[in-house]
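Order of appearance sets the numbers: ligands from 1, and atoms from 1 within every ligand. Heavy-atom basis, side chains included; hydrogens, waters and symmetry copies ignored.
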Amino acid sequence: MAGERGMVSNKAGVERRAVGETAEGYVEALIAQGVDCLFLNPGTDTFPVQEALVKLEQAGRKVPRTVLCLFEVVALSAAHGYYAATGRPQAVMVHVDVGTQYLGAMLHDAQRGHAAVVITAGRAPYTTDPGERGARDSYIHWLQEQLDQHGIVRNYVKWDYELRRPDQVGEVVARAFQLAASDPPGPVYMTLPRENLMHSLGEVDIYQPDRFPPSRLGAGDPAALREVARHLVASERPLVSTYNVGRSEAGYRGLLRLAELLALPVVEWRNRANFPTDNPLHQGYDVGPLLADADLLFGIDHDFPYIPTRQRLPESTYVIQLDVDPLKERVPLWSFPVDLPVRADSGQALDLIADYAVELLSDDDRRRIETRRAELSRRHERLWGEWDEAARSEAGQVPISLNWLGHCLGELVDEAPDCLFVDEMVTSNSTLWRYLPVRRPGCWFVSGGSGLGWGLGASLGIKLARPDHPVIALVGDGSFMFGAPTAALWAMQVQQAPALVIVLNNSCYNATKSPLVASYPEGYSVRSDHFVGVDLVPPPRYDLLAQSVGAAGERVDDPAELPAALRRGLETVRRGQAMVLDIQLAHP
Ligand SMILES: Cc1ncc(C[n+]2csc(CCOP(=O)(O)OP(=O)(O)O)c2C)c(N)n1
Ligand SMILES: [Mg+2]
């Protein structure tokens, strides 16, 4: 039956397609999964797939767009960003063990950031039989075979598999996507030995994604949700602490409805756009002051609802954790007391909790809630007022103050509310959050892990996913360099997926310096004002680096020039050119 397309297989949920080699089957399986982008760094193991992409495209198939990434960090962070912006997993393809190694810290970010990504790597050919297509034909094929290539990533991925038989390709790819996207989402890894990729198949079974969908957590146990509602209604001094509720639009809207219904104060550590910053119930970014007095802590999609060595949870505070993974099963020690852990998709659970709460509210409850609403509103006004004043008083400061930068960025967003933000600001984050408004879901993206180098690639992926929105990356100078900027900016230019990259240039690894100062305030480094291993001095010329790949680059050191420079940056990316604005901040 070879030669016909879209034939019925003898297996349920499976369609048979005519293909030449297995590599074509792999591409057909990606097409069936609706993959838009293949983020690729190639090798002598991936060319059968590269050939298949061209062959199928010439046959009129709509194949995934190949995004050549000159460093694997860019490939994986871009796929992560794409998933974060769309909820749709993309494919990453890298070269055997060495390409896998270079995924490095981005794999940690995909794991901790719950990013569904399907990573494939080549695998050294098995055979030396000259009659076998794809067999070993270069010295590297001995060097790049490892005892356990998958062991490099097994700590971080949800599932891994080697394509053992060519005819499995459709089944294995479908399972990879299904498992990656199932709750809680995360990366998966598979290897494709070259002989298998170059094996003549004739036809391949393509598993239809609607018959093999990811499993979803849903709203969770209704009895537990009722219990949450009961505690929230009864609480005198509740506190919501969230990190990630805004990973879905429904989560953002669900929290907004519940918080407004019950006048719940919301403190966020902004991993996503979680809660509108102009809502009077938004209580800023420091959980400490309200936690000290809270009778109820409601953690929602939070990996660290407070830091026990810095912020004290009162003994009597009742703790609820509503989360896709409430006990953090892949974190070896996570010993926050949680009286009521609820495993649920907040995007569905919060609305139900609000429904239950409406049924429970008495007139007395409503009066108490209105008093709380007024108090929280006053606190909100005070916080935002203080921040605004700080920024204005530092307007003329040279080097440029973070508060002033935040203020100017905030004004830019007022003029361009369609901007999407990628945040790898490290120690500048909680200062700049004060000024950067969130007014709608889905406008803010953070890696969710601690592997630096994510921001530039993620910006590329988000821009590819949402071409109509300007993407602004806010990155520390150290983080900028970790992100393989030449590779990332080059890809933005080549793919016409530009971002405005704002480098928070304090010429320092402040995150490494500040704990040293705090822990050794009278130490040798402080007393001699001599610190090793933290200064990026003299700083590289990030603006010139951008220009070397055709992106624009500008250095900004005059605070009065800042608003105009930011506007030029936005205009530049709107015209289609990536741009780096290197903002000169004080050296900490
Ligand atoms: C891949 C990786 N290497 C090293 C670190 C350790 N680290 C954490 S923060 C930091 C410095 C970040 O510098 P920068 O981006 O300039 O932000 P700043 O600390 O100045 O705010 C380093 C090196 C890390 N998190 N990830
Ligand atoms: Mg820095």
Sequence neighbours excluded, every pair satisfying salt bridge (Lys or Arg N to Asp or Glu O under 4.0 Å) that has a member inside residues 444-472: none
Residues forming a salt bridge (Lys or Arg N to Asp or Glu O under 4.0 Å) with D301, sequence neighbours excluded: R247
Results of salt bridge (Lys or Arg N to Asp or Glu O under 4.0 Å) for R112 - residues two or more places apart only: none
Short list, please: which atoms of ligand 1 are under 4.0 Å from a heavy atom of M425? 21 (O)
Are E411 and R567 within salt-bridge range, i.e. N to O under 4.0 Å? no
For the side-chain contact (heavy atoms from CB on, under 4.5 Å) test, which of P289, P265, S241 pairs with Q283? P265
Suppose I only count heavy atoms of S479 and a 4.0 Å limit; which atoms of ligand 1 are within that range? 14 (P), 15 (O)
Please tell me if atom 6 (C) of ligand 1 is touched by the protein, where touching means a protein heavy-atom distance below 4.0 Å. no
Nearest to atom 24 (C) of ligand 1 by heavy atom, G483, S450, S507, P588: which? S450
May I ask you to identify, for F480, whether its side chain, its backbone, both or neither come under 4.0 Å of ligand 1 on a heavy-atom basis? neither
For distances below 2.8 Å, what is the count of protein N, O or S atoms around the Mg ion (ligand 2)? 3
Which of these, D323, T242, I300, sits in a side-chain contact (heavy atoms from CB on, under 4.5 Å) with S346? I300
Check R270 with D423, please: is the shortest side-chain N to carboxylate O separation under 4.0 Å? no
